[in-house]
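Scroll down for the structure; my scribbles are underneath it.
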Protein chains: 2
Amino acid sequence: MTVLKKVTITTVANKAEVSVKTVSRVLNRETPMRDSTRDKVLKAINELGYKPSLAAVALAGRQSKMIGLVYSNISASYVMSIQTGVLKACSEEGCNLIIHPCDSESKSIITDIVNFAKNSHLDGVILIPPLCNKKGLVEALTEHEINVVNISPAIKSEKVPSVCCEDKAAVEVMIGELIEAGHSEIGFIKGDFSHGASLERLMGYKSALLKAGLQINESLIKQGNFTFESGKACGQDLLSMANRPTAIFASNDYMAAGVFASAYDIGLKIPNDLSVVGFDDAPVSRQICPLLSTIKQPIEKMAESAARLLIAKNKGRGNVSRHLSFSAELLYRESHKQHH
Amino acid sequence: MTVLKKVTITTVANKAEVSVKTVSRVLNRETPMRDSTRDKVLKAINELGYKPSLAAVALAGRQSKMIGLVYSNISASYVMSIQTGVLKACSEEGCNLIIHPCDSESKSIITDIVNFAKNSHLDGVILIPPLCNKKGLVEALTEHEINVVNISPAIKSEKVPSVCCEDKAAVEVMIGELIEAGHSEIGFIKGDFSHGASLERLMGYKSALLKAGLQINESLIKQGNFTFESGKACGQDLLSMANRPTAIFASNDYMAAGVFASAYDIGLKIPNDLSVVGFDDAPVSRQICPLLSTIKQPIEKMAESAARLLIAKNKGRGNVSRHLSFSAELLYRESHKQHH
DNA sequence: TTGTACGCGTTATCAA
DNA sequence: TTGATAACGCGTACAA
């Protein structure tokens, strides 16, 4: 069970009775090559439990085989999901991930990130909100020949590949169902507009109302900032209205939890007295009573795709800038119901 | 502004008119060395903006200046805090961090982690619960000459440095205050024992009861597994007892949130009808109503210290195994009060 | 106090 | 379709 001596490409080559170059070929799926040769090598690799040394691959290949994930003040669960997805792609593509937390409000943020990327010799970086919307950042990075891929940027750049989620469509459907369930006064709590998704979600709301032939009542739309506190404050505003809404859509789950709190305080029961829907499928949505109905982006998959886009770009394939789009999933739980 | 050709140690050596070995010496702070020589080299390094290639350092040297953080199925916020702390130490000590999520239940977990560490040429790894309690893992790692530091291990090994938190003491104080506030029937929800902290917290509970001259009523102690669902189930059990507790301590916040749900379902008001206290200061503790009183470990600081312990060990200093201990902080919020 | 030559484990070049 | 050998950028003996 103990692997004492290090097994290198040479070990494999000897065992398979071929040259190291041949082993390298099967590793990198180079063609053409005789099937029997490839099988011999594969067999040796398996028996030896051989894994290429990333450092050697990087050194010889003139790449660092490292990509960076840059993030700032944003929810832990979101970053973890992103990270998990990126890591999955990395391990499959033979890459290492370097994490770089930072403060998006810092004056020197652009220089910091550029330096980080240069100093670590990164092959590229992945940007997530709100950083991917930072004016000048992407330009500075590309100017220094650092590849970039954005996740959920507010606007899609021509030069930078990105992956995003069709938030608008998902919200539109969800609000549509609320309307069908008899709700006509539906409150909406907006998120911080440094996240592109905020506008998307708002548009989904408005679009659903319009499609149903309903008026858009601006007094039912409140500005939050994605925190529990802001959600609670907006909830209080909404629920203290003379003609209070029978349903509230919050642009994320933290704010929806805030609405729960505001309802709880004045004795309103969810979902009987008030329907609430959130967005994100954050942990809290499964840790409150009643369980929060929400919308879930396939964040891990999105992040994984973003990483693959970046790695492909590094490898020279897929030089074209691509934009991938995923659709969100509606999670029907316990916090909303028919209105009579 | 654009740096076109790559600058290597040779570039620096040429510019400073010394040999590469000399540059290498100043990079690694080797002595003795003439001050004027060092200055020349430093000057060249700065002017060229030279940064050593991590891949080359790892491949050629004994040290890679990379450490690993290995974690498995555990809460996002916990991992993020750990990560932030480790990263802080790393950036200050000139280290890189490689993240490695894995499945602690996997059959091949030990081999996987050893391979990961060898393969990435890591100088050492940081283990967190429940992985740091995995039988045989630490042994396998040290056998392969990979330094290890544990965070909150169930038992402190002689050979492996660790940092931990005095959970027992904190819980003891908190339960003591509940008792002073008039609670005599206090429920306790245990956590999963693959986390060393579970036992610590239970001991704190029992110790507080004993100190106050109270009996330990085993029927008031329920086994949870750190999830919301288990907390809710245990809460239901506890609250349906003939002589139900007036206060419940849950070994983490997710389970405390579960208790909130169980109370909510049967119309019990927190904190008026029931006091609830959790542990961890997880995001959910600030996203429910009323705000959850809880106990907070200085996770970031602990992680930072763990990383420094590891890096020191790598550098040869501090070869002795050390065990650092931190104390937890009691957060008094809204979910507990006097009992009459 | 400083320099030379070789090795680390891969990929790339050019033959065979 | 395969193989010998030179890079890749740095650390480490061993010399000077």
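Each chain gets a letter, A, B and so on, in the order the sequences are listed, and its residues count up from 1. Keep in mind the model is a prediction, meaning the values are calculated, not measured.
Comparing D:dG9, C:dT11, C:dT2 by their nearest atom to the side chain of B:A56 picks out D:dG9.
At a cut-off of 3.5 angstrom, the base of D:dG11 holds no donor-acceptor pair with the side chain of B:R25. Put simply, the side chain of A:K21 and the base of C:dA12 share a donor and an acceptor less than 3.5 Å apart.
Electrostatic pairing of B:E17 and B:K40 does not count as a salt bridge here, judged by no charged N lying under 4.0 Å from a carboxylate O. The residues A:E92 and A:R308 are annotated as salt-bridged, a charged nitrogen and a carboxylate oxygen being separated by less than 4.0 angstrom.
At a threshold of 4.0 angstrom between heavy atoms, the contacts of A:V18 are confined to the sugar-phosphate backbone, with no base atom among them.
The phosphate of D:dT1 (OP1 or OP2) has no side-chain N or O of A:T37 nearer than 4.0 angstrom. Contact check, B:S19 against C:dG3: a side-chain N or O comes under 4.0 Å of OP1 or OP2. Residue A:S24 places at least one side-chain N or O closer than 4.0 Å to OP1 or OP2 of C:dT11. Put simply, B:S53 has no side-chain N or O that comes within less than 4.0 Å of OP1 or OP2 on D:dC10.
With no hydrogens or angles considered, a side-chain donor-acceptor pair links A:D112 and A:S108 at under 3.5 Å. In the model, A:N147 has a side-chain atom that pairs as donor or acceptor with a side-chain atom of A:N314 under 3.5 Å.
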